[in-house]
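What follows is a short report on a single structure.
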Amino acid sequence: MSILNNLDEYKYWRDDKLANSNTNIETCLIEINNPFKIIKSEKDKIKLLCQKNNFALFHIKQQKNYPRAIIAINKQLGLIDYDSHLYVLNQGLTNITKNVKKDQAKFIPYTDKSIGWHTDGYYNKIAKRIRAFSLFCVTPASYGGENKWINQQIVYLQLRESNPDVAMALTHDQTITIPEHVINNIVKRRTSIGAIFFIDQPTSQLYMRYTQRKKNIIYSTSQEVRQAITVLDKYLKTTTKYHFSHTLTANQGILCNNILHKRSAFTDNPTNPRLLLRGRYFNRLN
């Protein structure tokens with residue numbers, strides 16, 4: 001039994017979420033004095049924020065070697081089981097910047113375009129499910145590049161409170177299909193079919209797998225599912241106290257349990273382009 005099908009369990013979980021969710025972004029920012037030696041109070045606050053809100057913002061002093069510092073922070077917080085995807089460069093970190101290489105530039109994160117609401121690795125198979133990620137700003141854009149995010153567990157809660165049928169439709173195991181990825185007649189990733197909201201068995205946590213992208217995404221032909229996705233997207237366009245907006249400045253980052261997020265388009269400084277370091281992990285911040 002779980003919160004998806006046990007009403008009493010759901011109500012207890014709902015009340016706890018609503019009582020403990022933080023809606024003030026100012027209290028979600030933590031100063032990490034030494035990225036190579038996080039003290040217990042810093043670590044405890046990061047983990048508590050991630051339990052309550054699914055994210056924590058952090059700031060560090062200027063570093064000689066940013067990848068080394070971010071890897072050290074992530075390791076100390078237990079983020080070690082990283083996703084070795086196509087463009088990983090340094091122990092799980094990827095440079096998120098506008099890329100001129102044709103193959104990489106066809107993926108939206110490596111462009112200056114906006115990115116709709118999504119969870120990272122929505123196309124991954126179950127064995128490589130992304131449960132946490134870190135994103136750190138080395139160099140901000142000249143203009144734009146704002147991040148927005150919302151705890152997907154709160155999204156489920158609010159949808160269920162306003163329309164239980166919508167929430168139920170989004171738990172159907174045939175809701176979303178990601179077709180196989182083929183390069184030069186070689187299958188790089190097999191077709192993946194599943195729900196948008198479900199319980200992640202190893203962690204027993206409510207998980208969301210979603211993207212607003214329409215390309216290479218197939219939604220169920222069920223009318224109730226399509227209507228539910230319309231309601232979900234309409235909700236995400238609203239502004240509630242649970243929606244957060246922030247443009248990371250230099251030396252700022254976010255740690256989260258794969259929070260639902262989006263990014264606005266940006267304009268680069270040609271001589272000093274926007275650069276963020278991203279790490280994706282198969283384990284959670286707890």
Side-chain angles (χ1 to χ4, degrees), residues 22 24-50 53-85 87-101 104 109-112 114-115 120 132-149 244-259 261-281 285:
N22 193 333
N24 181 0
I25 197 169
E26 301 299 326
T27 62
C28 297
L29 179 62
I30 300 158
E31 187 76 33
I32 296 177
N33 186 52
N34 180 357
F36 300 98
K37 192 174 182 181
I38 305 176
I39 61 176
K40 186 177 184 300
S41 61
E42 295 167 349
K43 190 180 293 187
D44 287 348
K45 188 173 181 182
I46 290 169
K47 292 190 173 184
L48 182 62
L49 284 169
C50 287
N53 265 39
N54 207 4
F55 79 92
L57 289 171
F58 68 94
H59 180 270
I60 60 174
K61 299 183 180 77
Q62 190 171 348
Q63 302 290 311
K64 291 182 179 179
N65 187 322
Y66 282 105
R68 186 165 167 260
I70 299 308
I71 289 165
I73 289 171
N74 293 353
K75 281 185 175 180
Q76 289 172 85
L77 294 167
L79 296 180
I80 53 176
D81 194 7
Y82 62 81
D83 184 15
S84 299
H85 60 83
Y87 300 112
V88 166
L89 297 175
N90 192 338
Q91 294 187 63
L93 296 187
T94 306
N95 289 343
I96 303 297
T97 190
K98 185 179 178 182
N99 201 295
V100 295
K101 294 179 181 178
Q104 195 165 354
Y110 308 108
T111 70
D112 55 9
S114 63
I115 307 174
D120 273 21
F133 72 77
S134 67
L135 192 64
F136 178 81
C137 181
V138 178
T139 309
S142 292
Y143 176 79
E146 179 188 50
N147 294 109
K148 292 188 177 184
W149 61 88
F244 292 89
S245 299
H246 184 68
T247 303
L248 293 173
T249 58
N251 302 318
Q252 270 190 356
I254 183 171
L255 290 150
C256 67
N257 286 319
N258 199 0
I259 201 163
H261 60 289
K262 66 182 295 190
R263 182 191 79 191
S264 69
F266 62 88
T267 302
D268 261 336
N269 176 340
T271 60
N272 196 19
R274 181 181 189 265
L275 172 62
L276 275 70
L277 304 177
R278 185 192 67 200
R280 288 173 165 173
Y281 301 88
L285 283 151

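Numbering of residues begins at 1 and proceeds along the displayed sequence.
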Between C50 and L255 the two heavy atoms that sit nearest each other are SG-O, 3.7 Å
Side chain to side chain contact (heavy atoms under 4.5 Å, CB included) assessment of L93 paired with I71: CA-CA 8 Å; L93 296 187; I71 289 165; 3.7 Å; yes
Closest approach of A250 to V138 (non-hydrogen atoms, all atoms of both residues): CB-O, 3.7 Å
Indicate whether the side chain of E31 and that of H59 have a donor and an acceptor atom separated by less than 3.5 Å. yes
Can you tell me how far CG of N147 sits from OG of S264, rounded to the nearest 0.5 angstrom? 7.5 Å
Between D81 and Y281, is the side chain to side chain contact (heavy atoms under 4.5 Å, CB included) condition met? List the steps. CA-CA 5 Å; D81 194 7; Y281 301 88; 5.7 Å; no
What I want to check is whether the side chains of K61 and N34 have a donor and an acceptor closer together than 3.5 Å. no
Would you name the heavy atoms of P270 and P273 that are closest together and state the gap between them? O-CD, 4.2 Å
Heavy-atom count check: over 12 atoms from other residues, nucleotides or ligands less than 6.0 Å from K148 NZ? no
Tightest non-hydrogen contact, residues F133 and H261, listed as CE2-CE1, 3.5 Å
Non-hydrogen atoms of I259 and W149 that approach each other most closely: CD1-CD1, 3.4 Å
Assess whether atom NZ of K47 is packed by more than 12 heavy atoms of other residues, nucleotides or ligands within 6.0 Å. yes
So do D112 and D268 actually touch side chain to side chain, heavy atoms under 4.5 Å? no
Determine yes or no for a side-chain-to-main-chain donor-acceptor pair under 3.5 angstrom, with S142 supplying the side chain and N269 the backbone. yes
Closest non-hydrogen atom pair, G144 against F266: C-CB, 3.7 Å
Between CG of L135 and CG of L277, what distance do you get to the nearest 0.5 Å? 8.5 Å
Would you indicate whether Y143, at its atom OH, is surrounded by more than 12 heavy atoms from other residues, nucleotides or ligands within a distance under 6.0 Å? no
I need the L29 CG to K45 NZ distance, nearest 0.5 Å. 8.0 Å
Counting distance only, does the side-chain N/O of N53 pair as donor-acceptor with the main-chain N or O of N22 below 3.5 Å? yes
Side-chain heavy-atom pair I73, S134 within 4.5 angstrom cut-off: no
Could you go step by step and tell me if I96 and R263 meet the side chain to side chain contact (heavy atoms under 4.5 Å, CB included) rule? CA-CA 12 Å; I96 303 297; R263 182 191 79 191; 4.2 Å; yes
Using a 3.5 Å distance criterion without hydrogens, assess whether the side chain of Q63 forms a donor-acceptor pair with backbone atoms of A69. no
Taking it one step at a time, do R274 and T139 satisfy side chain to side chain contact (heavy atoms under 4.5 Å, CB included)? CA-CA 5 Å; R274 181 181 189 265; T139 309; 5.8 Å; no
Contacts of type ring pair (Phe, Tyr, Trp, His ring centres under 6.0 Å), residue Y66, not counting sequence neighbours: F136
Tell me whether N258 contacts the main-chain N or O of D120 through its side chain, where contact means a donor paired with an acceptor under 3.5 Å. yes
Would you please classify the geometry between the F55 ring and the F244 ring as parallel, tilted or perpendicular, with 30° and 60° separating the classes? perpendicular
Roughly how far apart are I38 CD1 and N33 CG, rounded to 0.5 Å? 11.0 Å
Just by distance, do the side chain of E42 and the backbone of I30 share a donor-acceptor pair under 3.5 Å? no
Report yes if the side chains of T247 and P140 come closer than 4.5 Å at any heavy-atom pair, otherwise no. no
Rounded to the nearest 0.5 Å, how far does CG of N54 lie from CG of L49? 11.0 Å
The reported gap from CZ in F36 to CZ in R68 (rounded to nearest 0.5 angstrom) is 4.0 Å
